[in-house]
Amino acid sequence: MRLRFAPSPTGALHIGGARTALFNWLLARQSGGSLLLRIEDTDIERSSAENVEQILDALSWLEIQFDEGPVMQSSRRGRHVEVLRRLLSEGRAYHCTATAAEVAAYKREHGQERGFRGVESAEGAVRLRVSDSGKTVVNDLIRGPTRFAHVHLDDPVIARADGSVLYNFAVAVDDLDAAITHVVRGEDHLPNTPKQLLVLEALGAEPPIYAHLPLLHGPDGRKLSKRHGAASVQDLRDAGYLPEAVRNYLALLGWGSGSEETILSTEQLITRFDITRVSRNPARFDPVKMRWMNGVYIRSAAVDALAEAILKHLDSIDGEAAAAVRADPRRFAKAVAISQEKLHTLADFWPLAGFLFLRRPTDPKASRRWLDADGRLRLAETRHRLEDIGQFDEQAVRHALEGLVLELGCRPGEVYQPLRVAIAGVTVSPGIFESVALLGREETLKRVDAALEASLSAST
RNA sequence: GCCGCCAUCGUCUAGGGGACUAGGACGCCGCCCUCUCACGGCGGUAACACGGGUUCGAAUCCCGUUGGCGGUACCA
């Protein structure tokens, strides 16, 4: 199979485009074929180099490699003009001076019930000649045969009056020249397909096989947009998602493996993916499920790989945090180990475990709840026990604190929560024994003293 | 308006005439585990849009209605 992913650089690569790229890639890998990346920039006005960079960057982050390209559609202008001349000379296409306004007026009257046919002239835009009779059938791998009666089709404009070619023409020529065998793209292209088929037919060429993917919607059921937060691939990366988890989640949007498994490695996706099993109805992107799945991948990751990913993430979003973590790699590795099972995204690490590297202000609400007079009493006693520990490790800390709980005859949380608030500033953290041991005796005692003092003065 | 696509739990889906009192996953609820938060375990909630056919039998096939979506550019 020879496939292609052909985004237009008119905006960031969104998850819909990412899924299209993924499906193409899975097919290419599975079949031992190749994947071509083509940038559809025939609309110079709306295309930008930054967007091309963004798309390349997004695909690279997703670890979706292409075998050929990127080729810029605009670079193929010479070939496009050549084919255009041929169609013109063979009478399959013609110049027409009908203005956009005239066509619009015609459409207002006839809608798409009767396609627009232009009058041939010496100059103007180039239109492909379509006869009123007959129909063009798109044999879609996902939808089956879809028929378009020619009466409803306009004579499509394939080149502007200035000679520049238009999308439906360029795509057909490029797919043909690249010997593309399978075109897998979004369903929004379905109405374009007969036009491309007609171009191919005029050229006497064998068309590729098509598969139109159902569209992706946002959580509200409407078209995906920035408003949904993680709509672009970069947003996903910045939100702390793992590429493999994103691939897994995206693959299951619109495609069911048939088995009851949900967590599928990329290798499994490659062997099991079946384009003909892709669903025909649109799917909603569900950030909640994406988050859950990312958590599954984080939990199953090797600690050092996870630490590396977290550090990289910190580098890109929080310089201060990254520096703090770099200053103590051993502590960082342990911090990751004791936080791992609580993370859903890479971004969750710092809020949860940052206190192990930097002191943070105490949350007033947490302080009021746990550092009242009774809490301070227990915290002061806790302080003594910690001070007396010989070897300050997790086992010893556990032993000391559990002993205190037993002696006081209180609920465990009544000892642990004041201590947690004292060292972390909040009521949530990794396990208290691990956290205290990792923080070390000196820093723990300092924070406990500070907390005792602050809460005492606050209450008087 | 017109052209086209689509229609199973809130969401992603399994299902392709009898195995369906419709399965799984996320979410949600309850219980358990428990030092917080998570994780994990157990249990529960919840769907075949509607109406006609076809058939001994329909979530599965056909038609219509309704609804959603896409397209309707000298955009891609």
Side-chain angles (χ1 to χ4, degrees), chain A residues 6-11 40-43 45-47 73 96 98-100 103-104 107-115 124-127 138 140 142-143 146-149 151-154 156-162 164-168 170-171 186-194 212 214-215 217 219 221-223 249 252-263 279-286 288-293 295-296 299 339-344 348 352 366 370 398 401-402 405 411-417 419-421 424 426-433 435:
Chain A
S8 69
T10 52
E40 314 249 292
D41 59 346
T42 46
D43 186 350
E45 301 285 304
R46 300 200 307 152
S47 301
Q73 191 157 56
C96 171
T99 64
V103 177
K107 307 289 277 185
R108 258 196 303 282
E109 194 177 338
H110 300 282
Q112 207 158 304
E113 211 160 6
R114 289 211 74 81
V126 179
R127 286 180 183 270
V138 179
D140 195 277
I142 297 169
R143 279 152 232 284
T146 303
R147 299 166 185 84
F148 293 86
V151 244
H152 302 311
L153 264 30
D154 296 333
V157 176
I158 56 178
R160 299 182 181 90
D162 67 6
S164 60
V165 298
L166 255 28
Y167 172 73
N168 284 125
V171 167
E187 194 199 339
D188 49 338
H189 284 285
L190 189 52
N192 285 325
T193 309
H212 289 93
L215 263 21
H217 293 156
R222 308 201 52 183
K223 209 178 159 115
Y249 178 72
L252 260 24
L253 275 188
W255 173 66
S257 73
S259 82
E260 293 196 333
E261 293 158 278
T262 307
I263 302 300
S279 152
R280 286 177 303 273
N281 33 1
R284 291 190 195 198
F285 175 75
D286 180 3
V288 177
K289 189 165 184 176
M290 168 85 255
R291 188 176 160 77
W292 163 79
M293 190 173 281
V296 172
R299 265 172 263 131
S339 304
Q340 182 169 21
E341 64 174 10
K342 300 175 191 299
L343 306 179
H344 284 94
D348 291 341
L352 179 74
W370 292 107
R398 175 189 295 274
L401 295 184
E402 284 179 348
V405 168
R411 299 176 57 84
E414 290 176 308
V415 166
Y416 304 154
Q417 285 301 75
L419 177 58
R420 192 187 310 274
V421 171
V426 291
T427 56
V428 176
S429 82
I432 191 69
F433 313 124
S435 295

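First the proteins, then the strands, lettered A, B, ... as listed; each starts at 1.
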Novice: Tell me the interatomic distance from A:R284, atom CZ, to B:U8, atom P, rounded to whole angstroms.
Specialist: 11 Å

Novice: With centres under 5.5 Å and planes under 30° as the test, does A:H217 stack with B:G68?
Specialist: no

Novice: Separation of A:F285 atom CZ from B:C26 atom C1', in whole Å?
Specialist: 13 Å

Novice: Please enumerate all residues that pass side chain to side chain donor-acceptor pair (under 3.5 Å) together with A:E40, with sequence neighbours excluded.
Specialist: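 Testing A:E40 for side chain to side chain donor-acceptor pair (under 3.5 Å), a comparison that skips the adjacent residues, returns A:R38, A:Q73.
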
Novice: What is the separation between atom CG on A:D188 and atom C1' on B:C3, rounded to the nearest whole Å?
Specialist: 16 Å

Novice: Kindly write out the residues that satisfy ring-ring contact (aromatic ring centres under 6.0 Å, His included) with A:F433, not counting sequence neighbours, or none if the list is empty.
Specialist: A:Y416

Novice: Under 4.0 Å, counting only non-hydrogen atoms across every strand here, what does A:A98 touch: a base, just sugar-phosphate, or nothing?
Specialist: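 It contacts base atoms.
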
Novice: Take atom C1' in B:C50 and the same atom in B:A58, then report the distance between them in whole Å.
Specialist: 16 Å

Novice: Watson-Crick or G-U wobble partner for B:G43, using a 3.5 Å limit on both distances?
Specialist: B:C29

Novice: Determine the Euclidean distance between corresponding P atoms of B:C31 and B:A38; express it in Å to zero decimal places.
Specialist: 15 Å

Novice: From CG of A:L215 over to P of B:C69, roughly how many Å is that when rounded to an integer?
Specialist: 11 Å

Novice: Among residues at least two apart in sequence or on other chains, which ones pass side chain to side chain donor-acceptor pair (under 3.5 Å) with A:S8?
Specialist: A:T10

Novice: Between atom CZ in A:F148 and atom P in B:G71, what is the gap in whole Å?
Specialist: 13 Å

Novice: So A:D348, base contact, sugar-phosphate only, or nothing? Heavy-atom distance under 4.0 Å.
Specialist: nothing

Novice: Contact class for A:R127 vs. all strands (heavy atom < 4.0 Å): base, sugar-phosphate, or nothing?
Specialist: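 Counting heavy atoms under 4.0 Å across all strands, the contact made by A:R127 is with sugar-phosphate only.
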
Novice: I need a per-nucleotide contact map over nucleotides 27-43 of chain B, read 5' to 3'. Cutoff is protein heavy atoms under 4.0 Å; write B for the base, S for backbone only, - otherwise.
Specialist: S-------BBBBSS---

Novice: Kindly write out the residues that satisfy side chain to side chain donor-acceptor pair (under 3.5 Å) with A:S164, not counting sequence neighbours, or none if the list is empty.
Specialist: A:R160, A:D162

Novice: With rounding to the closest Å, how many angstrom separate the C1' atoms on B:G16 and B:U60?
Specialist: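 About 6 Å, rounded to a whole number of Å.
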
Novice: Between B:C33 and B:C39, how far is it from one C1' atom to the other, in whole Å?
Specialist: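 B:C33 and B:C39 have their C1' atoms separated by 10 Å.
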
Novice: Given atom CD1 of A:I158 and atom P of B:C75, what is their separation to the nearest angstrom?
Specialist: 13 Å

Novice: With both distances under 3.5 Å as the test, what is the Watson-Crick or G-U wobble partner of B:U34?
Specialist: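 Checking every strand shown, B:U34 finds no partner, since no pair has both distances under 3.5 Å.
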
Novice: Roughly how far apart, to the nearest Å, are B:U65 and B:C9 at atom C1'?
Specialist: 24 Å

Novice: Regarding A:R46, tell me which of base, sugar-phosphate or nothing describes its non-hydrogen contacts under 4.0 Å with the strands shown.
Specialist: base

Novice: Taking N or O atoms only and anything under 3.5 Å, show me the protein contacts with nucleotides 13-20 of chain B, one pair per line.
Specialist:
| from | atom 1 | to | atom 2 | distance (Å) |
| --- | --- | --- | --- | --- |
| B:U13 | OP1 | A:G254 | N | 2.5 |
| B:G15 | OP1 | A:R277 | NH1 | 2.9 |

Novice: Please measure how far the P atom in B:G44 lies from the corresponding atom in B:C6, and state the result in whole Å.
Specialist: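 One P to the other, the span is 36 Å.
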
Novice: A:H152 has an atom NE2; how far is it from atom C1' of B:G1, in whole Å?
Specialist: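 Taking atom C1' of B:G1 as the reference, NE2 of A:H152 is at 14 Å.
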
Novice: Are A:T193 and A:H212 close enough, and set up right, to give a side chain to side chain donor-acceptor pair (under 3.5 Å), and what steps lead you there?
Specialist: CA-CA 10 Å; A:T193 309; A:H212 289 93; 3.0 Å; yes

Novice: So, for A:L252 and A:T262, which heavy atoms are closest and what is the spacing to 0.1 Å?
Specialist: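 Heavy atoms of A:L252 and A:T262 come nearest at CD2-O, 3.2 Å.
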
Novice: Heavy atoms only, 4.0 Å cut-off, all strands: where does A:R411 land among base, sugar-phosphate and nothing?
Specialist: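 A:R411: no heavy atom of the nucleic acid under 4.0 Å.
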
Novice: How far, in whole Å, is B:C28 from B:A46 if one measures between their C1' atoms?
Specialist: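 Per the computed distance, 10 Å lies between those C1' atoms.
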
Novice: Applying the Watson-Crick and G-U wobble criteria at under 3.5 Å, what pairs with B:G16? Answer none if nothing qualifies.
Specialist: none

Novice: Give the ring-plane orientation class for A:H189 versus A:Y167, where under 30° counts as parallel, over 60° as perpendicular and anything between as tilted.
Specialist: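 Rings of A:H189 and A:Y167: tilted, as their planes differ by 30° to 60°.
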
Novice: Closer to the 5' end of RNA chain B via nearest nucleotide, is it A:M290 or A:N192?
Specialist: A:M290

Novice: With rounding to the nearest 0.5 angstrom, report the CG to CZ distance, A:L166 to A:R127.
Specialist: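 Rounded to the nearest 0.5 Å, the CG-CZ separation comes out at 10.0 Å.
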
Novice: So, using salt bridge (charged side-chain N to carboxylate O under 4.0 Å, His left out) as the criterion, who are the partners of A:R280 when residues are at least two apart?
Specialist: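 Applying salt bridge (charged side-chain N to carboxylate O under 4.0 Å, His left out) to A:R280 gives none.
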
Novice: Assuming nearest nucleotide by heavy-atom distance, tell me which of A:A149 and A:T42 is located more 5' along RNA chain B.
Specialist: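 Result of the comparison: A:A149.
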
Novice: Name the closest nucleotide to the A:T146 side chain, picking from B:A76, B:C69, B:C5.
Specialist: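 For the A:T146 side chain, the nearest candidate turns out to be B:C5.
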
Novice: Using Watson-Crick or G-U wobble geometry with both distances below 3.5 Å, tell me the partner of B:G51, or none.
Specialist: B:C63

Novice: Can you check the distance between B:U8 and B:C61, where both ends of the measurement are the P atom (answer in whole Å)?
Specialist: 13 Å

Novice: I'd like to check the salt bridge (charged side-chain N to carboxylate O under 4.0 Å, His left out) partners of A:D140; sequence neighbours left out, ordered by chain and number.
Specialist: none

Novice: What is the distance from OH of A:Y249 to C1' of B:C12, rounded to the nearest Å?
Specialist: 6 Å

Novice: State which residues pass ring-ring contact (aromatic ring centres under 6.0 Å, His included) with A:W370; sequence neighbours excluded, sorted by chain then number.
Specialist: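 Applying ring-ring contact (aromatic ring centres under 6.0 Å, His included) to A:W370 gives none.
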
Novice: Restricting to non-hydrogen atoms, name the atom on A:R299 and the atom on A:Q340 that form the minimum distance, rounded to 0.1 Å.
Specialist: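 The answer is O-NE2, 3.4 Å.
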
Novice: OP1 or OP2 of B:A76 sitting under 4.0 Å from any side-chain N/O of A:T10?
Specialist: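 For B:A76, OP1/OP2 do not have a side-chain N/O of A:T10 under 4.0 Å.
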
